[in-house]
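Hydrogens, waters and symmetry mates are skipped; everything else that's a heavy atom, side chains included, is used. Just so we're clear, the structure is a prediction, and the values are computed from it rather than from any experiment.
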Amino acid sequence: MIRILFFVLLVLCLALGFAWLADRPGELSLIWQGQLIEMSLMRAASILISLFAAVLIVVWLLRTIWLSPHTVTRYFRSRKRDRGYQALSTGLIAAGAGDANLARKMAARTRNLISSDQEPLIHLLEAQTALIEGKYDDARKKFEAMADDPETRELGLRGLYLEAKRLGANEAARQYAERASEKAPHLPWATLATLDHRSQARQWDEAIRLLDQSRAAHVLEKNEADRKKAVLLTARAMERLDADPKSARDDAQAALKLDDRLVPAALVAAKALFREENLRKGASILERMWKLDPHPDIARLYVRARGGDSALDRLKRAKKLESLRSNNAVALATVAEAALDARELALARTKAEAAARLEPRESIFLLLADIEEADTGDEGRIRHWMAQALKSPRDPAWTADGATSPVWLPVSPVSGRLDAFEWKAPPSQIAAATEDGHLNPDQAIRSLPPVANVPRPVEEPAPERTAEAAPTAERDQTERERAERERAGPEKAISVPDRKEPAASPAKGKDAEEAPDPFFGRPPDDPGVREPAAAERTTTNFRLF
């Protein structure tokens, strides 16, 4: 476009010049070798311009003839290079599609048409072809050659890293990742791989330092970097919890500021505060996390926050959790477990059945079996709940890469990936087949068989029993009364009446039951529970931590 404009301007200037000369006629006289040459000024200008153009044309022809061998050679070289790049492009596409034969053919053609010194991508095509054909040693040699070339260093290091990971050579993979991170700190894969390796080695301080550097270089997005740093701080807090609860508390609280939904961080922060005898602040952290995510681990720690508390105190705490997240299966199951410990079996059964209707899980039906054993002891009803547990979905667990763990871990033991564990149902879960194709909790509850009228034999107590195996005085008395009634005959068979919660004591009243006093900051008590046996009294006063 610029050349066209320049040509138009040149023609316009010539036209203006000739027009100017035409408006100003004149004669030009020239004496050369004794001869007088006279002509008009317009003719002289035309002859001069024609001579100048002729000289330029002659120079161009001479130059074209002189450079014609080089021009022909360059033409054929460009044509060969174009064919080589076309073969290279076709080969890379074939390698990406998994066509080993076409990729190998295009690699050989590219090698004949283009030199690898001119185009380093030939090494990549040959390495990808070798990987498709299963020639891993040849591919590794190609990646090593690419790693020595400054233009393809990062590409070669990534290929070597992936090959080391495939072979399980974690140390070699770590070295390749660190080398790539040093040469090119802007590569996310190198930063994440180095971060995973340092996390596997439990080098939390170095991992946090590397993560801060990557955040400053904008290698990772802000949300991803905050999440990973929160996980690293939680891991360091878990490691410091026994030796230095104060540092563990600070790390856990810093992790919660970065990610307020990280349940393990809230658990570590609460445990550290409980060890510092700061029960209220620890409980507030658990309550805040419970409102966001009602997790069973939070409920267990909250209910047993203070060692030596009575069963009724734990039940009050469980009811408070239920008030914070009503109509929740985890909250209902927590109240049912606490009520079972407090021997309020009617309340435990009601809450457990409500939890089963909301979310039928294996643990809820097992809890119903425990309640049935403590309430009636009927083997048929117990087996009914156990059968429902076998048919129900498994409970969520900390799962990463197909492996489950009873506790949260910062790094996956399978892949070594940071922040891999999630609270979800195990992937190996297979839903049990039922008659109608799915589990119906209402039908399971309605199909509960009645209490059998067969008398149960009374077992003589063993001469020596541990404190954990010794039954309470209340259960012994109940079993003895039931056995005596069964011996009296079928007309006095056992019937299970509807149970109600025990009435509140006159000192508290109805208002006090609805708004209980704070349970932190006062000595534990156990009103409404009968005196335990002597063997049990020796084990009730204990501390969790």
**OP:** Please lay out, stage by stage, how Ile371 and Trp385 fare under the test side-chain contact (heavy atoms from CB on, under 4.5 Å).
**Re:** CA-CA 10 Å; Ile371 296 172; Trp385 293 126; over 6 Å; no
[X] versus [Y], closest heavy-atom pair with distance:
{"X": "Ala269", "Y": "Ile285", "result": "CB-CD1, 4.1 Å"}
{"X": "Ser214", "Y": "Thr191", "result": "CB-CG2, 3.6 Å"}
{"X": "Phe421", "Y": "Ala403", "result": "CE2-O, 4.2 Å"}
{"X": "Ala265", "Y": "Ala255", "result": "CB-CB, 4.0 Å"}
{"X": "Leu286", "Y": "Ile298", "result": "O-CG2, 3.7 Å"}
{"X": "Pro294", "Y": "Arg325", "result": "CD-NH1, 3.4 Å"}

Could you measure the distance from the [atom1] atom of [X] to the [atom2] atom of [Y]? Nearest 0.5 Å is fine.
{"X": "Asp419", "Y": "Leu409", "atom1": "CG", "atom2": "CG", "result": "12.0 Å"}
{"X": "Leu368", "Y": "His384", "atom1": "CG", "atom2": "NE2", "result": "9.0 Å"}
{"X": "Asn328", "Y": "Leu321", "atom1": "CG", "atom2": "CG", "result": "10.0 Å"}
{"X": "Asp260", "Y": "Met289", "atom1": "CG", "atom2": "CE", "result": "6.5 Å"}
{"X": "Leu366", "Y": "Ile382", "atom1": "CG", "atom2": "CD1", "result": "12.0 Å"}
{"X": "Leu157", "Y": "Phe143", "atom1": "CG", "atom2": "CZ", "result": "11.0 Å"}

Original post:
Within 45° of the six-membered ring axis of Tyr136 and under 6.0 Å from that ring's centre, is NZ or CZ of Arg166 located there?
Top reply: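 So Arg166 does make the cation-pi contact.
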Original post:
Is Glu239 paired with Arg202 through a side-chain N to carboxylate O contact shorter than 4.0 Å?
Top reply: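 Looking at Glu239 together with Arg202, the answer is yes, because their closest N to O distance falls below 4.0 Å.
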Original post:
Salt bridge check: are Arg361 and Asp395 linked by an N-O gap of less than 4.0 Å?
Top reply: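 Looking at Asp395 together with Arg361, the answer is no, because their closest N to O distance does not fall below 4.0 Å.
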Original post:
Hey, mind stepping through Asp250 and Ser247 against side-chain hydrogen bond (donor to acceptor under 3.5 Å, both in side chains) and telling me if it holds?
Top reply: CA-CA 5 Å; Asp250 296 338; Ser247 299; 5.4 Å; no
**OP:** Decide yes or no on side-chain hydrogen bond (donor to acceptor under 3.5 Å, both in side chains) for Gln388 and Ser392, but give the supporting numbers first.
**Re:** CA-CA 6 Å; Gln388 299 301 325; Ser392 60; over 6 Å; no
**OP:** Start with the C-alpha gap between Asp297 and Val407, add the side-chain angles, then the distance that decides, and say whether side-chain contact (heavy atoms from CB on, under 4.5 Å) holds.
**Re:** CA-CA 9 Å; Asp297 292 343; Val407 294; over 6 Å; no
Pairwise side-chain contact, [X] with [Y], heavy-atom cut-off 4.5 Å (strictly under):
{"X": "Lys320", "Y": "Tyr302", "answer": "yes"}
{"X": "Leu347", "Y": "Lys319", "answer": "yes"}
{"X": "Leu332", "Y": "Ile364", "answer": "no"}
{"X": "Arg215", "Y": "Leu220", "answer": "no"}
{"X": "His186", "Y": "His218", "answer": "no"}
{"X": "Arg209", "Y": "Gln213", "answer": "yes"}
{"X": "Leu241", "Y": "Arg249", "answer": "no"}
{"X": "Trp408", "Y": "Val231", "answer": "yes"}

**OP:** Walk me through it: do Arg304 and Asp341 pass the test salt bridge (charged side-chain N to carboxylate O under 4.0 Å, His left out)?
**Re:** CA-CA 12 Å; Arg304 299 183 177 273; Asp341 293 339; 3.5 Å; yes
**OP:** List the steps and the verdict of salt bridge (charged side-chain N to carboxylate O under 4.0 Å, His left out) for Arg381 and Glu373.
**Re:** CA-CA 9 Å; Arg381 296 164 70 93; Glu373 182 180 9; over 6 Å; no
Subject >> Greater than 12 external heavy atoms within 6.0 Å of Glu206's CD >> reply: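 Counting neighbours around CD of Glu206, more than 12 heavy atoms of other residues, nucleotides or ligands fall under 6.0 Å, so yes.
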**OP:** Taking atom CG of Asp205 as the centre, report whether more than 12 heavy atoms of other residues, nucleotides or ligands fall under 6.0 Å from it.
**Re:**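 Atom CG in Asp205 is crowded, with more than 12 foreign heavy atoms closer than 6.0 Å.
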Subject >> The single option from Lys271, Arg275, Glu276 passing side chain to side chain contact (heavy atoms under 4.5 Å, CB included) against Leu273 >> reply: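 Between Leu273 and the candidates, side chain to side chain contact (heavy atoms under 4.5 Å, CB included) is satisfied uniquely by Glu276.
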Keeping the roles fixed (side chain from [X], backbone from [Y]), state whether a donor-acceptor pair exists under 3.5 Å.
{"X": "Arg240", "Y": "Pro245", "answer": "no"}
{"X": "Trp290", "Y": "Ala299", "answer": "no"}
{"X": "Gln200", "Y": "Gly416", "answer": "yes"}
{"X": "Thr194", "Y": "Leu192", "answer": "no"}
{"X": "Arg174", "Y": "His197", "answer": "no"}

Original post:
With respect to Lys351, which candidate in Glu344, Glu337, Glu322 satisfies the salt bridge (Lys or Arg N to Asp or Glu O under 4.0 Å) definition?
Top reply: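 For Lys351, the salt bridge (Lys or Arg N to Asp or Glu O under 4.0 Å) check succeeds only for Glu322.
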**OP:** Could you check Leu262 against Arg227 for side-chain contact (heavy atoms from CB on, under 4.5 Å), going step by step and ending with a plain yes or no?
**Re:** CA-CA 9 Å; Leu262 188 57; Arg227 171 71 183 188; 3.6 Å; yes
Subject >> Aromatic plane relationship, His295 with Trp398 - under 30° parallel, 30 to 60° tilted, over 60° perpendicular >> reply: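 If you compare the ring of Trp398 with that of His295, the planes turn out parallel.
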**OP:** Tell me yes or no: between the side chains of Asp196 and Ser199, is some donor less than 3.5 Å from an acceptor?
**Re:**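 No pair is found: no donor N or O on one side chain lies under 3.5 Å from an acceptor on the other.
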**OP:** In sequence, state the C-alpha distance, the side-chain angles, and the governing distance for Asp226 and Lys229, and then conclude on salt bridge (charged side-chain N to carboxylate O under 4.0 Å, His left out).
**Re:** CA-CA 5 Å; Asp226 290 344; Lys229 186 172 183 180; over 6 Å; no
